[in-house]
Structure formats: structure tokens, C-alpha cells
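Heads up: numbering here begins at 1 and tracks the sequence. In each ligand, atom 1 is the first atom listed, and ligand 1 is the first ligand listed.
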Amino acid sequence: MKKVKTIARPNIALIKYWGKRDEKLNLPAVGSISITLDGISTKTEISLTKDIDKFYLNEKIDIDEHSKITPFLDYIREYIQDEVYFEIHSTNNFPTAAGLASSASGYASIAQGINHLLGLNLSNTELSKIARRGSGSAARSIFGGIVEMHKGIQADGSDCYAEQLYHPEYFPLDVIVVITNTEIKKTSSRNGMWISKNTSPYYSNWVNTSDYDINAMKIALREKDFNKIADLSIRSCLKMHSVMMTSNPPLMYWNSTTFEIIKQIEDLFYEQKQPVFFTIDAGPQVKLITIPDYKKHLLKFIKKLDNIQDYYVLELGNGAEIIED
Ligand code: PMV
């Protein structure tokens, strides 16, 4: 039987996405800019089955994950106008649902795999729109390097897609993901975004200032200006977390270790003028970004940290790829 195997990597946003302009079509209220990572990944094997989808995550049937994948596969069936069913085995080599965007690499690898399995010949732009239906950030993992997600303005989402701004070698960066807690998060980003949109008094300012942040980041990237990239990333992250924290109920994704690390990194960057910055998503892990020359110093700093569970040393990587068929 025909099978394909794909690989996709998580990405982390420098200019963050939080909030949807359309829940059903999964259209973001703001654009975002991300980097695709290398060193952690989701590998997915896909084949056709009869009458019913089968989904295995890390070789186990997970009822929760199954219930999220089914609507995504239903959407694909509707898109291709064909009543086909899939057996999907996805394996992550990093903790699932711990703020490391496992859904991004997961949905991107499935979209790319189905495209190849059925010979659909869809462009990466089109694949990013399909992956977006699974999770907004998955659209970005279709591409490698530095990626922009366009929020678009059309009601049908036709202009809402991701695009590569720069390939991974354009600006070599090292990323260290510091794991402070591997428990599954209490509020999913989908629910959290809905809560923030409906309750945070800062939500409209967050949406209204996002185009400015995107444009400023594009200039900083064009100029390869690390300090500007760092400052804009830190402020986009803290602005998003201010919206989260002022939601009702409050969305507090940090723990005391998260806070301790960002205080120290803030001091390293703003006071001691060292080339390192942090970003945090909907979870307590801290992602530290630096240039290759400073990696050794940063690793020394991390080894001295108390209370961390683990860390991953990563670089920038490619988009979703076929590894076997
Ligand atoms: O699309 P989701 O559900 O993976 O949401 C991603 C939201 C954040 O990770 C918090 C920010 C971002 O832009 O990745």
C-alpha cells in the first residue's frame, strides 16, 4: 500500500499571534513573524484506509488528539472533494503540548504528506492555508527559515497564508528552549484566544498595534539588526502576555522559573548589552535566541539555572518535507 513519510519542525514567533478574526475558518486577527526550528521535529507516516480515520500520536491512540484531527481531515476531504480516509502515525521527539508548538509541526507534516500521497501538487502557499485550519501557527511550519503569516482581510480567508521571508542561512541564530515544566497546559491557545478577545481590555490595542510591529520587524530583519530584532521580539511577547494576563479568567502561563529566567535575560540584554533575548508562548517554557558567537556564554548561563527540567539547543531549519515514499 502507498505510504508517505514527512517531517516538519515547530516554529516560534518573534512577532506573536494571539486572537482570531474568524473562529470557524481559523483566521488570525493579527499577522505574525516566526522562525522555523531545527533539531526537534514531528515525523508523520500517512497511508489510505477504508471508511474511518486512524490517528496515532507517539504510537498511541489519544482520544483528545483524535477529536481535533477528525475535523481537520473532514476539511481536507471537503477541499479535495473526495471521500478518502487516512491512517496517520505522528511522532514528536519533544514533549507534546508543552508550549513548544507540537501542533504546528504536526498539522504541517500532515498537510504536506496528504498533498504528496494523493498527488495534489498544491503550492506551499496553498498548503499553508490548509495547515492553518488545523492550527494558525501550523501555516508557518510549512516554510523554513524566517516566515511571515499574513492575516489577510478577505472574509473567506483567501489572502490569509504564510510566506518565507528568508531562508535558514540568511541570519544564523541559535535557539535554546528551556523547559521549566512539561505538564499539559490548562488552557489551550484556541480557548485562551477566545477568552482574551472577549474579556481583555487591552485586546483592541494589541490588534491595532500589530501592523506596526510586523513592519518594524521586517525592517530590522532586512538590516540584520540583532538588537532591533531582540527588542521588538521581547516587546511583542510581553504585549501578548499582558493581554493574556488581563483576560477574565486570567491566563497565566508563566511559573516562577519562567519569570526568574526572563528577569535575568532582560538584564543581560538591556543592561549588559549582550546579544540574547527571550520569547514565551502559551506555556511556561522560555525560548532564548542568540547569535552563534554568544552560544557558549549562554550555555554556561543555562547550566547555572536552578529548577529547570531540561533544555534543547536548536538552530533554524527547513519547512515541511517528504522523507520517504
Ligand atoms: O495556532 P496556535 O494554536 O498554535 O497558537 C499559537 C499562539 C502562540 O504560540 C502563543 C503565539 C504564536 O504566534 O505562535
Side-chain angles (χ1 to χ4, degrees), residues 8-37 40 42 64-65 68-69 71-72 92 94-111 128-143 146-151 157 160-162 165 175 177 184-197 200 203 206-207 210 213-214 217 232-245 247 251-254 258 278-287 289 320:
R9 291 107 184 147
N11 68 75
I12 49 178
L14 303 181
I15 299 297
K16 300 292 188 190
Y17 147 53
W18 191 252
K20 299 182 197 293
R21 67 181 170 94
D22 184 312
E23 265 83 21
K24 191 167 173 289
L25 302 182
N26 208 22
L27 302 175
V30 295
S32 52
I33 295 181
S34 61
I35 48 180
T36 303
L37 303 175
I40 53 178
T42 302
D64 261 16
E65 290 299 329
K68 286 185 217 152
I69 291 284
F72 178 62
N92 294 328
F94 59 100
T96 299
L100 277 167
S102 56
S103 61
S105 48
Y107 287 109
S109 67
I110 294 174
S128 78
K129 290 186 198 168
I130 293 177
R132 189 200 75 225
R133 290 298 197 110
S135 113
S137 59
R140 302 185 309 229
S141 275
I142 292 290
F143 297 94
I146 304 175
V147 180
E148 177 176 4
M149 178 74 192
H150 299 277
K151 68 173 193 276
C160 176
Y161 58 89
L165 292 178
V175 178
V177 179
I184 306 277
K185 59 191 170 201
K186 279 196 295 236
T187 313
S188 68
S189 35
R190 192 171 287 249
N191 290 343
M193 287 184 199
W194 190 88
I195 295 171
S196 292
K197 180 177 176 179
S200 171
Y203 183 78
W206 159 253
V207 173
S210 118
D213 293 347
I214 294 271
M217 180 58 90
L232 289 164
S233 300
I234 291 175
R235 288 189 295 108
S236 172
C237 166
L238 294 180
K239 199 168 18 161
M240 178 182 77
H241 282 274
S242 307
V243 172
M244 291 165 162
M245 288 181 193
S247 300
L251 304 167
M252 308 273 278
Y253 288 107
W254 304 357
T258 317
F278 65 82
T279 189
I280 309 157
D281 294 298
Q285 325 316 346
V286 185
K287 290 106 183 195
I289 296 147

For ligand 1, give me the residues whose heavy-atom distance to it is below 4.0 Å, by chain and number please.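 Lining ligand 1: Ala13, Lys16, Tyr17, Trp18, Ser103, Ser135, Gly136, Ser137, Arg140, Ser189, Met193, Met240, Asp281, Ala282.
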
First locate atom CG of Leu37, then atom CZ of Arg9, and finally report the distance between them rounded to the nearest 0.5 Å.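 Taking CG in Leu37 and CZ in Arg9, the distance rounds to 10.0 Å.
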
Side chains of Lys16 and Thr279 only: does a donor on one sit below 3.5 Å from an acceptor on the other?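 Judged by distance alone, the side chains do pair up.
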
Whether the Asn11 and Thr36 side chains hold a donor-acceptor pair (N or O, under 3.5 Å, no angle test) is what I'd like checked.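 Side-chain D/A pair, Asn11 to Thr36: absent.
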
Does this structure show an ion pair linking Asp213 with Arg235, if we count only N-O contacts that are shorter than 4.0 Å?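 Judged by the 4.0 Å cut-off on N to carboxylate O distance, Asp213 and Arg235 do not form a salt bridge.
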
Lys20, Glu23, Met244 screened by side-chain contact (heavy atoms from CB on, under 4.5 Å) with Met193, the one that passes: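 The single option meeting the side-chain contact (heavy atoms from CB on, under 4.5 Å) with Met193 is Lys20.
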
Ile35, Asp281, Leu14 screened by side-chain contact (heavy atoms from CB on, under 4.5 Å) with Lys287, the one that passes: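 Only one option passes, and that is Asp281.
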
